[in-house]
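Read through the structure below, which is laid out as structure tokens, and then see the notes.
Note that this is a predicted model, so its numbers are computed, not measured.
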Amino acid sequence: MSHLAAEATPDLAALRHQARMVQMVVRRNVEGLSHADSLVQPTPGGNCLNWVVGHLAWTYAGAVALVGQRTRLDQGALARYARGGAPVTEAAEARDFGQLVAAFDEGSERFDAGLATLPPETLGRPAPDSPTGDPNETVGSLLATVLFHQAYHSGQTGVLRRLAGRAGAIK
């Protein structure tokens with residue numbers, strides 16, 4: 001393991017806290033929004049809330065394996081929301097928003113449950129892959145990257161809530 005990878009290995013309690021914060025932010029930002037609200041398109045470009053929440057669920061559906069868990073909907077079932085996927089611009093392309101929120105919640109809860117029982121020594125083991133191309137990626141640094149990703153998109157949910165004409169949910 002490289003010196004940088006060893007320094008970046010996060011603590012499980014910090015990872016769990018970050019995962020819970022992501023779930024809280026997303027849940028507050030989607031509260032009271034309809035399927036139609038989730039399809040409001042940002043201009044001049046970007047992804048609607050339906051795609052962002054679906055993408056968060058897709059990410060967790062893949063990441064839970066790192067912590068010894070599985071979700072009911074696997075990444076294949078959520079492929080429309082995969083990394084690099086085209087924006088959802090037609091209602092017919094979109095999964096039901098309530099189903100996406102439920103899939104995100106399940107992924108969040110399974111991810112947290114897996115972190116709660118993950119042996120700390122697992123964090124220093126080589127990761128099965130690296131979305132950033134780091135040849136020294138560890139499970140710990142990959143989990144930190146996953147949670148950075150989730151936090152990045154959770155912030156977008158607040159902006160997309162406002163674009164749907166709703167007041168901000170985070171006070």
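- One distance of note links CG of D37 with CZ of F97; it measures 8.0 Å at 0.5 Å rounding.
- Judged by distance alone, with hydrogens and angles left aside, the side-chain atoms of R80 form a donor-acceptor pair with the main-chain N or O of A86 at under 3.5 Å.
- Hydrophobic clustering (ILVMFWY, side-chain heavy atoms < 4.5 Å, transitive): L33 and L163 are in one cluster.
- Each of V25 and V101 belongs to its own hydrophobic cluster when Ile, Leu, Val, Met, Phe, Trp and Tyr are linked at side-chain heavy-atom distances under 4.5 angstrom.
- Shown here for A169 and R28, the closest heavy-atom pair between the two residues is CB-O, 3.2 Å.
- Here the side chains of R161 and L49 are not in contact, with every heavy-atom distance at 4.5 Å or above.
- Of the possible donor and acceptor atoms, one in the side chain of E93 sits under 3.5 Å from a partner among the backbone N and O of E90.
- Considering V52, N29, V26 in turn, V52 is the only one that fulfils the side chain to side chain contact (heavy atoms under 4.5 Å, CB included) rule with Q156.
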Quick one: do V88 and R95 satisfy side chain to side chain contact (heavy atoms under 4.5 Å, CB included)? Show the steps, please. CA-CA 10 Å; V88 171; R95 277 190 97 108; over 6 Å; no

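- Atoms CG and OG1, on N47 and T89 in that order, are 10.0 Å from each other to the nearest 0.5 Å.
- Looking only at distances, a side-chain donor or acceptor of E106 sits under 3.5 Å from a matching main-chain atom of R72.
- At a threshold of 4.5 Å between non-hydrogen side-chain atoms, the residues H153 and H55 count as touching.
- P120 is listed as a side-chain neighbour of L12, based on a closest heavy-atom distance under 4.5 Å.
- At least one donor-acceptor pair closer than 3.5 Å links the side chain of Q150 to the backbone N or O of L56.
- We find the CD-OG1 distance between Q69 and T117 to be 6.0 Å, quoted to the nearest 0.5 Å.
- In this structure the side chain of P128 reaches within 4.5 angstrom of the side chain of L66, judged on heavy atoms.
- To the nearest 0.5 angstrom, D112 atom CG is 8.5 Å from Y60 atom OH.
- A single hydrophobic cluster is seen to contain both V53 and L73, as judged by linkage of ILVMFWY side chains at heavy-atom distances under 4.5 Å, directly or through other members.
- Nearest heavy-atom pair across R83 and P131 is NH1-CB, 3.5 Å.
- Taken from CG in L15 to CG in L123, the straight-line distance is 6.5 Å, to the nearest 0.5 Å.
- Nearest heavy atoms, C48 versus Q41: CB-NE2, 3.5 Å.
- Both L142 and V64 are members of a single hydrophobic cluster when ILVMFWY side chains are connected at heavy-atom separations under 4.5 Å.
- Residues T145 and H149 fail the side-chain proximity criterion, which asks for heavy atoms closer than 4.5 Å.
- Contact between A151 and S154 at its shortest, heavy atoms only, is O-OG, 2.8 Å.
- With contacts defined as side-chain heavy-atom distances shorter than 4.5 Å, the pair Q23/F104 qualifies.
- Taking the six-membered ring where tryptophan is involved, the planes of Y81 and W51 are tilted, since the angle between them lies from 30° to 60°.
- Across A94 and N50, no two heavy atoms sit closer than the pair CB-OD1, 3.5 Å.
- In summary, of the residues considered (T71, T59, V67), a side chain to side chain contact (heavy atoms under 4.5 Å, CB included) with F111 occurs for V67 alone.
- From H17, atom NE2 reaches atom CG of L115 across 13.5 Å, with rounding to the nearest 0.5 Å.
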